[in-house]
Amino acid sequence: MTTADAPAEPPVDPYALDREGLEAYVAGLGEPGYRARQLHAWLVRGVDDPHAMTDLPKTLRARLAERFAPSRPELVAHSVADHGHTHKLLLRFSDGEAIETVLMLYPKRATVCISTQAGCALGCPFCATGQAGFRRQLTAGEVVRQVVVADAALRSGAIGGEDLPDGAPDHVTNVVYMGMGEPLANLAATLTSVNWLHDPEGFNLSARSITVSTVGLVPGIEQLTGLGLPLTLAVSLHAATDELRDQLVPINQTHPLAELEQAVRGYRAATNRRVSIEWCLIGDVNDDDRQADELGRIAVRWRSHVNVIPMNPTPGVKWREPTAERLKRFVSRVRERGAEVTVRDTRGRDADAACGQLLAAYTLDTGSRLPAAVAAADRVDALRRRPEATT
Ligand code: SF4
């Protein structure tokens, strides 16, 4: 390649462009539209090396190879749990940032839990990712590539040198945006990646099999509502009073429960989809009767199903899962208020399962409590010592 031929624009990760984006990109190279469809089909099959795209002319393959950035992530850590049914991957991108992706296998279902940010700025004190702080947004390509890695593993029947169990599906069937970061704080990348997943010529997932989770970023929910796509929206509530939620989910100080409720109602009305509630149950923090009663009332008003997830121990955080008795009592009280509630299996408990934990184990001194977690824990302890915090 001569200097005169060299592309002036910065290298591009093709997965950062959805089908329309690829069409525009290929048209910009002066190529006909069907070349974009061929390129897209290779990418969906996990092939990102233009030299391997044998139905493209050699000249185009060479031009794409000059222009595509080396964006394939490297698998730097891998933990396996649940007899091979849960695979937690630490993927590192070319700038050294590492994020977590989890592949969970069920009969006839393969769910990938993906990350949207390296770290997170929202600072929930029970969350290992929040404790590590925000480092950068993931690009749409980096979000899509997590699904590509999982899909390739399912097709080949192995990942990181480990065979997948017999009967595992040969493709990804469900995607949940519940890994590191807040997906609605990186909305552009989230939406481009949703396009890849939902596109019938892409990963062909129904909107219902894609779950976007949020801790309650109201402007993001409103933007998602405007799109009218019937994605499953999951709100990570974790506290049912503003007083406690201000501590456990600090974004609540900006968008309190009443505002969140309005946004949830708007989403439900626009998409006709139920919004689910996620509740990380933390022993002696949010497992008391008052929280259970308020949660039950909220779930009935929102017409939401509640998923209770007993907390995983997190490095640097003193809180722990509730006792079996407290868990049972909490769930019964939520049900007594008329809400539907399920205790979610704690997938990968032996695989550093909670979001951010594999990274925490990889980069932090395990067992050292972090200042933000210590301060928040002290504030919650003070709240709970007040007489109205009934148990
Ligand atoms: S729980 Fe979610 S929003 Fe809160 S700090 Fe962790 S990753 Fe961020």
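Because the structure is predicted, anything quoted here is derived from the model rather than measured. Counting starts at 1 for both ligands and their atoms, following the listed order.
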S.K.: Under 4.0 Å from a heavy atom of G123: give me the atoms of ligand 1 that qualify, with their elements.
M.R.: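 Near G123, the atoms of ligand 1 are 5 (S).
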S.K.: Does Y34 share a hydrophobic cluster with V44, counting links as ILVMFWY side-chain heavy atoms below 4.5 Å and allowing steps through other members?
M.R.: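 Different hydrophobic clusters.
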S.K.: If we count only N and O atoms by modelled type, under 3.5 Å, do the side chains of N204 and D199 hold a donor and an acceptor together?
M.R.: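 No pair is found: no donor N or O on one side chain lies under 3.5 Å from an acceptor on the other.
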S.K.: Any carboxylate oxygen within less than 4.0 angstrom of a Lys/Arg side-chain nitrogen, looking at R63 and E31?
M.R.: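 Yes, charged N to carboxylate O under 4.0 Å.
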S.K.: May I ask you to list the atoms of ligand 1 that are less than 4.0 angstrom from any heavy atom of C120?
M.R.: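 Ligand 1 atoms under the 4.0 Å threshold to C120: 3 (S), 5 (S), 7 (S), 8 (Fe).
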S.K.: Decide, counting backbone as well as side-chain atoms, whether C124 has an N, O or S atom less than 2.8 Å from atom 4 (Fe) of ligand 1.
M.R.: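 Under 2.8 Å: C124 contacts atom 4 (Fe) of ligand 1 through an N, O or S atom.
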S.K.: Should you measure from each heavy atom of G181, which atoms of ligand 1 turn up under 4.0 Å away?
M.R.: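 With G181 as reference, the close atoms of ligand 1 come out as 7 (S).
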S.K.: Do R245 side-chain atoms and L257 backbone N/O form a donor-acceptor pair below 3.5 Å?
M.R.: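 Judged by distance alone, no pair lies under 3.5 Å.
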S.K.: Pull out every atom of ligand 1 sitting under 4.0 Å from any heavy atom of V215, numbered as shown with elements.
M.R.: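 Those qualifying, in numeric order: 3 (S).
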S.K.: Assess whether atom CZ of R136 is packed by more than 12 heavy atoms of other residues, nucleotides or ligands within 6.0 Å.
M.R.: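 Yes, because the 6.0 Å sphere around CZ of R136 holds more than 12 heavy atoms from other groups.
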S.K.: Short list, please: which atoms of ligand 1 are under 4.0 Å from a heavy atom of C127?
M.R.: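 Reading through ligand 1 atom by atom, the close ones are 1 (S), 5 (S), 6 (Fe), 7 (S).
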